[in-house]
Every structure is written in structure tokens, then in C-alpha cells.
Amino acid sequence: MKKAIYGAVLLGSSLLLSACSSGPSEDDVKALLEAQMNQVSTMLGEIGGENMSGMLKVDIHAVTIHSCEEERTKVFRCDVDVDATRPIAGRSVQRSEVLMAKSKDGWVPAQ
């Protein structure tokens, strides 16, 4: 009986610890990619006007994480599928690698 309780406590604490150091969620990756696309759209709007930024807008529908490894402290390299609609190419799913860092303000692009 004591072994069962000890095992349950050990399992619970290891799950808590792994949750504390976990990488970004699919929503985190999607939000970061959308923020980057919005920055590009804003820059294009400043250069070519609102029509230009609207014509080249990328809509991200979903992100699926296949793997996410901590490369160094609070920096994760994630292998993801991005389901997006791109100008001219239309909607497709593409595999991509995303490097993200956990900061006090949330997830940011890492180098």
C-alpha cells in the first residue's frame, strides 16, 4: 500500500515538473506565426499601401506540433505542420521548423 501511494506521488510530481518546463503549445506557435505575418503585412502596407498588404495576407488556420525539443534553456525547436491560405498558392499544409524562446512577455522568435 505504501509503495502504491509513493508511486502515485512520484508520478504526480514528475508530471508537474514536466509541465513547468514544457515547450510551446500549438496555440502558442500559431499566435507567434500570426504575429510575424501581421508584421510583414504592416511593412508591405507601409511600402505599397493597404491594397498590397491585403493582397499578400496569409491566413493561418491551424498548427500541429510533431515534436518540440528544448535546444537550450527556455529555447525550443519545434517541427510543425502549418495549415494556411497563401496568396496565389491557396490553402495547403506545409512542414516547418520554428525556433521559439520563452520570455517574460510570452513566446518570441529565437535565434
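Every value quoted in this text rests on a predicted model; they were computed, and no experiment measured them.
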From CA spacing to verdict: side-chain contact (heavy atoms from CB on, under 4.5 Å), V82, L33: CA-CA 9 Å; V82 180; L33 293 175; 3.8 Å; yes

E26 vs V29, side-chain contact (heavy atoms from CB on, under 4.5 Å): CA-CA, chis, key distance, verdict: CA-CA 5 Å; E26 290 175 346; V29 176; 5.8 Å; no

V80/R95 under side-chain contact (heavy atoms from CB on, under 4.5 Å): CA gap, chis, key distance, verdict: CA-CA 6 Å; V80 300; R95 196 79 170 239; over 6 Å; no

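Closest non-hydrogen pair, H66 versus D81, comes out as NE2-OD2, 2.7 Å. Nearest heavy-atom pair, M100 versus P24, reported as atom, atom and distance to 0.1 Å: SD-CG, 3.7 Å. A pairwise comparison of heavy atoms in R72 and Q111 identifies NH2-O, 2.6 Å as the closest pair. Looking at every heavy atom in both residues, I65 comes nearest to S25 through CD1-C, 3.6 Å. Here the shortest heavy-atom pairing between G23 and W107 reads C-CZ2, 3.7 Å.
A salt bridge does not link D28 to K30: none of the charged nitrogens lies less than 4.0 Å from a carboxylate oxygen. Ion pairing between a basic and an acidic side chain is recognised when a charged N comes within 4.0 Å of a carboxylate O; R77 and E71 show such pairing.
With a 4.5 Å cut-off on side-chain heavy atoms, E97 and C78 do not count as touching. Side-chain contact between M37 and K57 is absent, with no heavy atoms from C-beta onward closer than 4.5 Å.
Grouping the Ile, Leu, Val, Met, Phe, Trp and Tyr side chains by contacts below 4.5 angstrom, directly or via other members, places V75 apart from L32.
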